[in-house]
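One structure is given here, and the rest of the page talks about it.
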Amino acid sequence: MRPDFSSIPLIRRGITPNIDRSGSNLLRTCDHFDLESCEHLDYSAGLPPFLRGPYPSMYAERPWTIRQYAGFSTAEESNAFYLSAIAAGQCGISVAFDLPTHRGYDSDHSLVHGDVGQAGVAIDSIEDMHILFNHISLADMSVSMTMNGAVLPIMAFFIVAAQESGVMPQQLRGTIQNDILKEFMVRNTYIYPPQPSMRITGDIIQWCTENMPRFNPVSVSGYHMHEAGAPAAMELAYTLANGLEYVRTAIDRGLDIDSFAPRISFFFGIGMNYFIELSKLRAARILWARLIKPFEPKNPKSMALRMHCQTSGYSLTAQDPRNNIARTTLEALSAVCGQTQSLHTNALDEALALPSADTSRIARNTQLILQEETELTRAIDPWGGSYVVEYLTHTLTHHAWSYIQEIESIGGMTKAIASGLPKMRIEEEAAVKQANIDQGKEIIVGINSFQSKSSSEIRLLRVDNREVLANQSKRLSHLKQSRDSSKVEQALEHLRKCASQDNANLLDVALIAAKERATLGEISAALESVFGRYHAQHEPITGVYSATMETDECTVKAQSLSDEFAKLTGRRPRILIAKIGLDGHDRGARVIATAFADLGFDVDIGPLFQTPEDVARQAIENDVHITGISSLAGAHRTLIPELMNIFQRDGRSDIKVVVGGIIPNEDYPLLYHSGVVSIFGPGTVIAEAAQKIINQLLDHVSHP
Amino acid sequence: MSLIPDINSLAKGILSYDRGCLSRGITLIESGLSSDRDKAQLLLNKLLGHTNSALRIAVTGSPGVGKSSLIEKLGLHLTESGNRIAVLSIDPSSPNTGGSIMGDKTRMPQLAHHEDVFIRPSPSGNTQGGVTHATRSAMLLCEAAGYNPIIIETVGTGQGDYGVRHVVDFVLLLVLPHAGDELQGIKRGILEIADLIAVTKADGDMKSKSGIAAKSYQHALGMRTNKLSIPKVLITSAHDNSGISEVWESIQSLETDALHHGHFQQRRQQQIKDAILEATRSLLLSDFNGSEYRSLNDMQQKVVNSKSTVHEAARRLLNEYLQSQK
């Protein structure tokens, strides 16, 4: 008897690829008819527009660079980690800085104690930079630094530290992110307003073009948009539009397109949608060549898009974290098949904390296995010619092109960002995505389906924040005693003067300050005194979450619960959604704010970068029932107990505190002990969380 | 639900400038429970004699015109000269879900931290008119807590914002510097309630256009309002912090002028009269529950069958109500 398959549905559920919401179902049976409309099929690798790769022989000659992004609290620990990674086969360093460094604060600044050393390494001065690269020859090692806000002091420390160890700027290899536009869109680690920020970006590009020919002065980053919820075409379009804006900035300064364009690099996020992600990388190359061509480059390399990729942190789950190894492997494969030039693979515990040495090793080995065991490196653009991939490449190119046209019609990305349009677009998509996950339309194994009963504990890396802070403070005060303070003041005054005029390159001036041992905080403050500090103000969106969730039972239940609460107590449940500390990732907080409003809550939102005092004051002044804190960068362990103490002090311990974001399991007891009533990790269904919160409030009404 | 202190200590707290007590007092006043309403009256009674001392200003204008940003700069200007100010901002509630998002403090980052400033966002609920039923009382509490001036930021949905005229001494209308098309969008009424107009966002590319915009507003005002004095039109930019002190100076001179001519007192008298009548109406409405009357059904059928009119039916119900009150 032949086996009967007729009762098994061929397609279990609709596959809705994340191209855009209006996009029809693109992953379907594609055949040669779909290729008739494709204009790009004859393009190859190594020649414009570089569809199949920026180099003619691709990985056959040299495989992609394994470049793991890492930073561990102190310069000493990070250095030790880099040295062992290099010994284990890593070929480039990628430095993660902590948030105070990103935002231009020294570790001993009064606002930042909760964040010091939490999400990366604290660098306060050139002395820290020396320690960071101890025993590493900067002439031979490519160094990538994720820095945007405090890019001037960090570049100055890097260049001077190299000089002091005998390496000249023209020998330095690597990349500085220096992509400030996307900070205003999604990541929020800017310091100054857009205009002076763009000047700094231009100064760095110009200085590097003239003095550091082997260094990439900007890494135009789509990764953070990807992680904030932007679908592929949108990530592609906004990233390239940012790149175009930097090109124009450089041209405006009189630079020749061929002198800098070949050194612009890109950075994309790679999620779980295998075919779309690899097609995205192919489409990116075509589009970039198309955008650069009108500048009439003589060197074809000016049109070649070179990229770094990172697997998606957003796709990782805190539940059942070993599943993340499989996710990361697939994403890495997609990036490699899309022909990336370098790659970071996430560690399996990256959804919980900074990766430990153990999990970092698995992440790095994932890439080594792909390079050494699979023979993948012998093929160029291995998916080229596939009906599906060619069709997706075509579609993504056209979708992205129309987004780019929209940005151009506003007058380029700087203007578009001022209008708030890109940020709003990305947030809408993020809210829809969240609603889809909450409803189980988008499946995440271990989160909204196939949950595992057994919990698998992973040993996490712990950061002893107080110890890092004490060390950094000690080193800072030592530095301040041993330097010539009148020379420092002179250098800072020079910096202030040049900032207020347009004709000097600020990196030239920052180099002098770095040599004199001015700290990162001092250099940033000098610039801030002229430029001011930027406070973002954008309207949150409403209605998107509920429109997607309209018929969902859980949503309806939550809405009727908040109506009931209002009848019973005389007003709607009121919640303050706050970010605390220096962590600027606000996608989660904003999605939650819009979702709670759609569930019938009165939602207060606060500015970014709040201290516990700020949050408590807003909660008390607005008289909310609940304060919800979103924490992604580890500062919760210091700052939330502080917040609870302030509520206690002010007689408002009746205001309930809930916490969401990336909270490792082992922090739960500490938070509950300090009085937190609920903790919602990644994968929480928002409507369920809302129900739980209202029920807790109602309990309190009936049993005060 | 939160353990609200008794009314006496709440009143005491408010009079001694306690931020937390003021905040809870406003919650009480905004509450929809009838038991809370009685308590709120008790509280207001205890504060009589400490109110009516502040200048009351409304800031209105369509969404996106920059109300919060201007208040941020105006507020900082005021605190620099030693004023303690309160901002009551009203945010729209969704008619579908009842929820709201109140992001005012993200647009007033410095004011929100200022020691001498109290900012309270309130959801509009289902009230029309740009102010909530409780705005007037909340304002009185702020006055008792020593804040002066009180700034009310309206919802900003145009037509509905007239209500604020009955609560404040002066209305500052904000407009964008796109003269022609903007003027079309502004209802005649909103121009008529404005005492002062400020063109906002006069910076960057719009700087040059804002002068023309201001002139066309000034011209249009001359044609379209029937007031004795035509409101002044100022040019401001919260971004460049320009024109802000002029706004305050103009408000002060409006005040001096109104006090001198007695308009100020007249307006407040009229507002109190209106408020009493409004409160009476809402008392009547809350007391009268139409569905309790048996004749409602009869009358409804009569209207359905073209035997009577809606007006006759209403008159009949009202008579029954008045009989029952005797």
Side-chain angles (χ1 to χ4, degrees), chain A residues 193 195 411 415 418 535-543 546 559 562-563 565-574 576-577 590 593-611 613-614 617-623 625 650-652 654-655 697-698 700-701 704, chain B residues 1-5 13 18-28 30-37 40 63-64 66 68-69 72 86 91-94 96-110 112-115 117-125 204-205 238-239 241:
Chain A
Q195 212 176 354
K415 291 222 169 96
H535 301 280
Q537 325 176 339
H538 281 302
E539 291 304 311
I541 47 160
T542 49
S546 68
Q559 283 169 339
S562 48
D563 289 345
F565 181 87
K567 264 194 212 109
L568 214 60
T569 68
R571 62 171 177 151
R572 301 205 146 264
R574 187 161 180 169
L576 167 64
I577 306 282
R590 294 173 77 93
T594 169
F596 270 89
D598 287 351
L599 295 172
F601 280 61
D602 284 325
V603 181
D604 291 277
I605 52 176
L608 285 169
F609 314 122
Q610 298 287 284
T611 64
E613 282 285 354
D614 297 335
R617 169 168 166 179
Q618 189 177 357
I620 292 171
E621 197 165 85
N622 296 5
D623 200 11
H625 299 108
D650 292 350
R652 289 310 301 267
D654 61 298
I655 295 177
L697 289 174
L698 286 170
H700 201 78
V701 177
Chain B
M1 83 142 291
S2 56
L3 303 166
I4 295 181
D18 182 296
R19 197 181 291 281
C21 287
L22 175 57
S23 148
R24 286 169 173 219
I26 293 177
T27 303
L28 192 58
E30 289 177 344
S31 171
L33 295 186
S34 59
S35 57
D36 283 348
R37 238 170 274 157
S68 304
S69 306
E72 161 96 345
D91 290 276
S93 296
S94 156
N96 297 327
T97 65
S100 64
I101 289 197
M102 294 172 279
D104 310 82
K105 291 189 186 183
T106 64
R107 276 163 278 128
M108 306 180 200
Q110 279 174 281
H113 295 164
H114 204 290
E115 201 38 50
V117 179
F118 179 88
I119 305 175
R120 177 63 176 253
S122 294
S124 66
D205 296 349
H239 182 267
N241 204 6

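Computed from heavy atoms alone, side chains included, the values below leave out hydrogens, waters and symmetry copies. Predicted model only: the values in this text are computed from it and were never measured. Letters go in sequence order (proteins before strands), and every chain restarts at 1.
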Distance, nearest 0.5 Å, that separates [atom1] of [X] from [atom2] of [Y]:
X	Y	atom1	atom2	value
B:Arg120	A:Asp623	CZ	CG	5.5 Å
B:Asn96	A:Gln559	CG	CD	9.0 Å
A:Asp614	B:Lys105	CG	NZ	10.5 Å
A:Gln618	B:Ser23	CD	OG	11.5 Å

For [X] and [Y], which heavy atoms make the closest approach, and how far apart are they?
X	Y	value
A:Ala597	B:Ser100	CB-O, 3.6 Å
B:Val117	A:Arg617	O-NH2, 2.6 Å
A:Asp563	B:Thr97	OD1-O, 4.3 Å
A:Thr569	B:Asp36	O-OD2, 4.2 Å
B:Met102	A:Asp602	CE-CB, 3.7 Å
A:Ile605	B:Thr106	O-CG2, 3.7 Å

What part of [X] lies closer than 4.5 angstrom to a heavy atom of chain B: side chain, backbone, both or neither?
X	result
A:Asp650	neither
A:Leu568	backbone
A:Gln610	side chain

Most chain B-contacting option - heavy-atom pairs closer than 4.5 Å, from A:Leu576, A:Ile620, A:Asp604, A:Asn622 |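 The option with the most such pairs is A:Asn622.
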Which one, B:Ser34, B:Pro123, B:Gly32, B:Pro121, leads in non-hydrogen pairs under 4.5 Å with chain A?
-> B:Pro121
More than 12 non-hydrogen atoms from neighbouring residues, nucleotides or ligands closer than 6.0 Å to NE2 on B:His114, yes or no?
->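 More than 12 heavy atoms, drawn from other residues, nucleotides or ligands, come within 6.0 Å of this atom.
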Contacting moiety of B:Ile119, where chain A heavy atoms sit under 4.5 Å | both
